[in-house]
Amino acid sequence: MGIDYAQAREKMVDNQIRPNDVTDYGVLARFLEVPREAFVPEAMVELAYIDDDIALLADGHERRYVLNPMSLAKLVQLADPQQDEVVLDVGCGTGYSSAILSGLCESVVAVESRMNLQEKAQQTLTELGCDNVVVLCGPLPDGCPAEAPYDLIFISASVEEVPDALLNQLKEGGRLVCIHGEGTAGQATKYIRTGDTFSRDLVSNAPGHPLPGFEREQAFTF
């Protein structure tokens, strides 16, 4: 007998997301709608709803994941996307975060550095009818300045540092959300732009793996 994925999504929402202070009805509804199993490797489909990150690739030193449902839901609730907003999704992987966001905002510009992931993301999103998402291939720390400014920039992974080039693509009053700190030390974090300054607020625990390209520059020491 096959897996009832609709039931698996309900259990994910009831057992992993709701108990971790995610209460926004629109966010919960979106996690019930989007088939997470469509965005994981074929060998991992039966584990699509585990309470953990799911590996997409491990190429040399670069590792990429679909973020665990609890952390992703916390980030989406913190981001508070609105129906008239344009969102930049940085490091979208196979597109699960973009699919979630697509039902909560006007449009999503997704950026992915790996062509195989970018192609998979666009194909899956198109098949699911997420026609307000475009997935571009390019360096993640660069974002997509051609379509800036954005109401919201979304990074569904942990980072050591957010580059100025990315923060500067926010509109006045725009938000950027990400995870600061790796593993169980991760904190869901929101930046808000006010003029040329960016406030930063660490909000809640949200474990996640690091996104390559966002490491802090090592200071030179004698």
Side-chain angles (χ1 to χ4, degrees), residues 39-41 52-76 78-79 87-98 100-101 108-121 135-150 152-170 174-193 196-222:
F39 296 93
V40 303
D52 202 355
D53 296 357
I54 294 179
L56 295 174
L57 59 83
D59 181 3
H61 296 294
E62 182 171 339
R63 297 178 182 274
R64 302 292 298 281
Y65 299 84
V66 178
L67 186 63
N68 66 84
M70 181 269 285
S71 293
L72 182 59
K74 281 190 171 187
L75 286 177
V76 176
L78 178 62
V87 179
L88 175 66
D89 187 13
V90 177
C92 70
T94 51
Y96 182 58
S97 54
S98 299
I100 295 290
L101 292 164
V108 179
V109 178
V111 179
E112 176 48 56
S113 59
R114 299 299 297 261
M115 187 170 291
N116 59 331
L117 296 180
Q118 180 259 334
E119 290 174 347
K120 169 64 175 172
V135 187
L136 307 175
C137 192
L140 303 184
D142 293 350
C144 183
E147 300 297 327
Y150 301 98
L152 169 66
I153 297 177
F154 193 84
I155 306 175
S156 56
S158 72
V159 300
E160 290 184 359
E161 191 167 71
V162 179
D164 290 342
L166 203 53
L167 288 167
N168 286 330
Q169 291 174 42
L170 285 173
R175 299 95 63 208
L176 181 148
V177 298
C178 62
I179 297 171
H180 269 287
E182 188 178 346
T184 56
Q187 293 279 310
T189 303
K190 179 192 282 189
Y191 291 81
I192 299 177
R193 179 170 195 168
D196 292 329
T197 63
F198 302 89
S199 63
R200 189 179 89 167
D201 189 13
L202 280 68
V203 179
S204 62
N205 293 334
H209 284 84
L211 187 64
F214 291 84
E215 298 81 10
R216 185 175 291 107
E217 234 179 88
Q218 296 298 315
F220 182 77
T221 56
F222 291 94

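Position 1 is the first residue of the sequence, and the numbers go up from there. Keep in mind the model is a prediction, meaning the values are calculated, not measured.
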Query - CA sep, side-chain torsions, deciding dist, call: Val87, Tyr150, side chain to side chain contact (heavy atoms under 4.5 Å, CB included) - result: CA-CA 6 Å; Val87 179; Tyr150 301 98; over 6 Å; no
Report task. Show your reasoning for whether side chain to side chain contact (heavy atoms under 4.5 Å, CB included) applies to Ser158 and Leu211. Result -> CA-CA 6 Å; Ser158 72; Leu211 187 64; over 6 Å; no
Requested in this report: Walk me through it: do Tyr191 and Ile153 pass the test side chain to side chain contact (heavy atoms under 4.5 Å, CB included)?
Outcome: CA-CA 9 Å; Tyr191 291 81; Ile153 297 177; over 6 Å; no
Report task. With side chain to side chain contact (heavy atoms under 4.5 Å, CB included) as the test, would you mind laying out the steps for Leu117 and Glu119 before giving the verdict? Result -> CA-CA 5 Å; Leu117 296 180; Glu119 290 174 347; over 6 Å; no
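Between Leu88 and Val111, some side-chain heavy-atom pair lies under the 4.5 Å cut-off. Annotation: side chain of Val159 is not in contact with side chain of Pro210 (no heavy-atom distance under 4.5 Å).
Going from atom CG of Leu176 over to atom CD of Gln169 covers 10.0 Å, rounded to the nearest 0.5 Å. Distance check, rounded to the nearest 0.5 Å: CG of Leu140 to CD1 of Ile155 gives 9.0 Å.
Residues satisfying the salt bridge (Lys or Arg N to Asp or Glu O under 4.0 Å) criterion with Asp164, sequence neighbours excluded, are absent altogether. Residues meeting the side-chain hydrogen bond (donor to acceptor under 3.5 Å, both in side chains) test with Thr189, sequence neighbours left out: none.
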Can you give the donor-acceptor pairs under 3.5 Å from side chains of residues 65-74 to other protein atoms, not counting sequence neighbours?
unit_1 : atom_1 : unit_2 : atom_2 : d
Asn68  : OD1    : Met70  : N      : 3.4
Asn68  : OD1    : Ser71  : N      : 2.8
Asn68  : OD1    : Ser71  : OG     : 3.1
Asn68  : ND2    : Asp53  : OD1    : 2.9
Asn68  : ND2    : Ser71  : OG     : 3.2
Asn68  : ND2    : Pro207 : O      : 3.0
Ser71  : OG     : Pro207 : O      : 2.7
Lys74  : NZ     : Asn205 : O      : 2.8

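A salt bridge does not link Glu112 with Lys120: every distance from a Lys NZ or Arg NE/NH1/NH2 to an Asp or Glu carboxylate oxygen is 4.0 Å or more.
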